[in-house]
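Everything below concerns the one structure shown next.
Whatever order the structure lists ligands and atoms in, that order sets their numbers, starting from 1.
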Amino acid sequence: MRQIKSLPYCIILLLFIFSSCQENRKTRADCPVIPKPLSCKLQSGTFTFGNSTVIELKTGDDGIKKAAEFLKCFVEQTGDCSIKIDSDDDTRNKIVFAVCDTISRDDAYTLKITPREITITSKSGEGAFYAVQTLRQLLPVACEKKICDENVVLDVPCVSIYDVPRFSHRGFMLDVARHYFPVDFIKKSIDMMALYKLNVLHLHLTDDQGWRVEIKSKPRLTSVGAWRRQSIVGHKNDEPRKYDGKRHGGYYTQEELREIVEYAQDRFIEVIPEIEMPGHTQSILAAYPQMACFPKDYEVSCDWGVHKNVLCTREESFKFLEDVLSEVFEIFPSKYIHIGGDECPKEQWSKCPVCQQNIKEMGLKDEYELQSYFINRMEKFVNSHGRQIIGWDEILEGGIAPNAIVMSWRGEEGGIKAAEMKHSVIMTPRDFCYLDYYQSEDRENEPLAIYGYLPLDSVYSYNPTEELTPEQSQYIRGIQGNLWTEYIATPEHAEYMAYPRLIALAEVGWSSQKERDYSDFIRRLSIQSKRLDFLQVNYAKHFLFSKK
Ligand code: ACM
Ligand code: ZN
């Protein structure tokens with residue numbers, strides 16, 4: 001009797017579970033957006049952009065205005081659709097930007113699309129900009145083409161989205177030191193980052209093989225340091241090692257770098273410069289040999305790998321770097337300055353009378369503590385200018401500087417150790433985040449890469465807090481994909497290595513872990529691939545042919 005009575009409730013419950021599963025399946029199946037939003041509920045109907053569409057700004061916030069202007073330009077570039085921005089409008093076909101006080105984070109947003117109106121709410125321009133990128137991805141992919149075909153209808157499905165990123169640092173590192181890349185390519189990379197809600201461009205500006213930032217008080221850094229005699233052809237491990245005999249180089253003027261910073265700011269992306277020290281500095285020694293432990297004629301390196309020629313720890317080196325950083329602060333308003341700190345062989349310091357005297361006088365145990373002293377000292381200088389340092393995980397060796405952020409690259413161990421000491425961490429372990437590794441096992445048919453094997457599904461599988469305790473996880477500020485360019489000399493090749501792996505990392509950094517699903521990512525990426533075609537991005541296409 002009891003069983004019979006409760007039966008209708010069971011049926012109702014089963015129906016409810018079934019329908020919510022159906023709903024879930026539908027929303028999961030249909031939302032084409034990358035990175036996947038936290039919550040996305042598709043509804044029936046569409047909103048269509050046209051000449052009568054108006055953007056209504058219900059706020060005077062400059063950031064939100066910037067986001068609205070991006071949307072206006074994007075829609076107008078598609079052809080003969082012109083949109084007006086107004087502060088008060090009673091038309092039906094409008095996009096309303098409003099501030100919402102109940103949203104606590106700058107990077108969160110809601111996007112509600114109904115047939116008559118689109119409403120975007122956020123606390124600031126950042127959230128509004130992310131909403132615009134989502135809206136852009138809901139428009140037909142053909143809209144990416146400037147002047148799209150007349151028969152493309154500019155409509156978006158009705159949807160209700162609430163979205164907020166998992167991590168606050170979602171970065172892309174571009175190594176412009178090993179090969180110089182044109183300003184336009186850096187801007188195109190920023191455009192791609194904006195589309196996928198990446199928010200930090202880390203520019204690796206200096207290394208043994210080239211110095212790429214104009215420093216007015218040290219002109220030889222670019223007149224000498226920006227140019228190398230030749231580059232390796234093939235792999236550095238090939239025997240015999242071969243060279244192309246062609247001079248390579250170039251640098252960015254301060255004006256060009258300011259232009260890049262502004263271009264990125266307009267897309268809510270921070271540019272963090274990296275000025276390597278004390279290792280990876282042979283281009284400095286080529287220009288100013290007196291900064292070496294053993295001054296002599298050095299050349300800008302024509303070889304890849306870790307170099308033993310590093311900055312001496314004598315007083316002049318600190319003064320030199322402080323002068324350089326003072327100009328860097330003026331170009332880059334970023335809160336963080338990356339000072340490298342990786343791969344600094346201690347061979348020369350161990351033989352150098354000045355470095356040995358420093359160890360003795362300061363009561364240091366060894367050259368590792370001398371490196372720690374070096375980084376600590378630079379940190380004080382950077383902090384005194386209101387900025388904070390980021391360094392590769394070697395900065396833990398010999399003792400970490402008190403306010404440093406660690407970029408964990410040799411694995412996650414450095415990051416975990418730093419988190420244990422309550423330092424902020426950016427996870428970029430090479431086995432998941434190094435975009436210069438091979439992406440297919442079929443090496444014969446791939447362009448030459450440094451080594452490794454990092455296919456798209458491995459990148460996507462990365463969960464930065466999987467191995468961490470909840471306490472350690474609190475210090476993980478985010479993730480980053482790194483594109484080192486020893487073996488990458490052209491924008492086309494750089495794009496082939498970066499995409500779609502960087503797009504997978506964008507989702508790792510943004511989307512909630514429990515919402516992530518590789519096969520659904522591939523479904524959405526297949527839709528995105530047409531967008532990338534219109535944007536003329538040379539992405540790797542393995543995912544289109546794989547069975548996964
Ligand atoms: C690095 O890959 N040397 C940070
Ligand atoms: Zn020395």
Just wondering, do Q137 and Q528 contact through their side chains at under 4.5 Å, heavy atoms?
-> yes
Interfacing atoms of ligand 1 (cut-off 4.0 Å, heavy-atom, W484) | 1 (C), 2 (O), 4 (C)
Which ligand 1 atoms, with their elements, are less than 4.0 angstrom from a heavy-atom of Y434?
-> 1 (C), 2 (O), 4 (C)
Among K36, R170, K197, R524, the one residue meeting side chain to side chain donor-acceptor pair (under 3.5 Å) with E507 = R524
Donor + acceptor pair across side chains of R477, S424 (<3.5 Å) | yes
In the protein, what heavy atom is nearest to atom 3 (N) of ligand 1, and what distance, to one decimal place, separates them?
-> D342 OD2, 2.7 Å
Counting heavy atoms only, which part of E343 comes closer than 4.0 Å to ligand 1: side chain, backbone, both or neither?
-> side chain
Angle subtended at the Zn ion (ligand 2) by C355 SG and C293 SG, rounded to 10 degrees | 110°
CZ on F543 to CD1 on I522, rounded to 0.5 Å | 6.5 Å
What residues, two or more places apart in sequence or in another chain, satisfy side-chain hydrogen bond (donor to acceptor under 3.5 Å, both in side chains) together with S334?
-> none
